[in-house]
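What follows is a set of notes on a single structure, which appears directly below.
In this chain, numbering begins with 1 at the start of the sequence shown.
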Amino acid sequence: SLQMKNENEEFKKVIFIERVSKENVLQNILVENGMRFFKKYKDKYMIVGLAILLMIQFGLIAICNLTLIYQNLDCDNAKMFRHIIEIWRNKTLFIENWSYMTTLEIDCGSLFAILFYGLTNNIYMAYGISNIIFTAMFIATVFYLFKGENLLYPLLCVNLICIPYRLGM
């Protein structure tokens, strides 16, 4: 009876070891195939993921520009908005007796905002639309600079640049 019990325990150990061994082999096969699959398609999945992330970020920037831009009114923005309104009203880019303190506003969306202000007569909407166009042009410029390269590189750069950290100054 003792010998039968020992043989039974040995048999259980062998069965357990075989089962664990088969599970490990199966797990190793799945991991190896998964890694081969991941290595083969990782760039494609990363490109799709980064493209989706860029669309989300661009959408958030657009929503903020269309709905929250009036909350971002500080001294610089107030001067810029007033300048855009005066340019439209006077129908000239260079207004007499205007003090150009910090910028000529050629590096932002002001030039587009002048046209949109004329159409909408709403400075916040005009500048919001202008910012969206300017951001899209900036993104297009980055993609142009990476022309001929793997699509992953410009997507990484643009996603890092377009991260909406916070609203306002």
Please output the side-chain donor-acceptor pairs of residues 129-150 that fall under 3.5 Å, not counting sequence neighbours, one pair per line with the distance.
| from | atom 1 | to | atom 2 | distance (Å) |
| --- | --- | --- | --- | --- |
| Ser130 | OG | Gly109 | O | 2.2 |
| Ser130 | OG | Ala113 | N | 3.3 |
| Asn131 | ND2 | Asn65 | OD1 | 2.9 |
| Thr135 | OG1 | Asn131 | O | 2.8 |
| Thr141 | OG1 | Met137 | O | 2.8 |
| Asn150 | OD1 | Leu152 | N | 3.1 |

Let me check something: do [X] and [Y] share a hydrophobic cluster, defined by ILVMFWY side-chain heavy atoms less than 4.5 Å apart, either directly or through other members?
X	Y	answer
Leu54	Tyr153	yes
Leu115	Leu119	no
Tyr117	Phe94	yes
Ile85	Tyr70	yes
Met46	Ile161	yes

Heavy-atom distance under 4.5 Å between the side chains of Ile95 and His83, does that happen here? yes
Roughly how far apart are [X] [atom1] and [Y] [atom2], rounded to 0.5 Å?
X	Y	atom1	atom2	answer
Ile47	Leu156	CD1	CG	9.0 Å
Ile114	Trp88	CD1	CH2	9.0 Å
Ile56	Cys162	CD1	SG	13.0 Å

I'd like to know if the side chain of Gln57 reaches the main chain of Asn159, judged simply by a donor and an acceptor atom lying under 3.5 Å from each other, with no hydrogens or angles considered. yes
Passing candidate, side chain to side chain contact (heavy atoms under 4.5 Å, CB included) with Tyr124, options Leu66, Thr67, Leu68, Ile69: Ile69
Among Arg82, Met80, Glu86, which one satisfies side chain to side chain contact (heavy atoms under 4.5 Å, CB included) with Ile84? Met80
Considering non-hydrogen atoms only, spot the tightest contact between Met125 and Thr120 and give its length. CG-CG2, 4.3 Å
For Leu50 and Leu155, the nearest pair of non-hydrogen atoms, with its separation, is CB-CB, 4.0 Å
Measure centre to centre between the rings of Tyr127 and Phe112, then say whether the value is under 6.0 Å. no
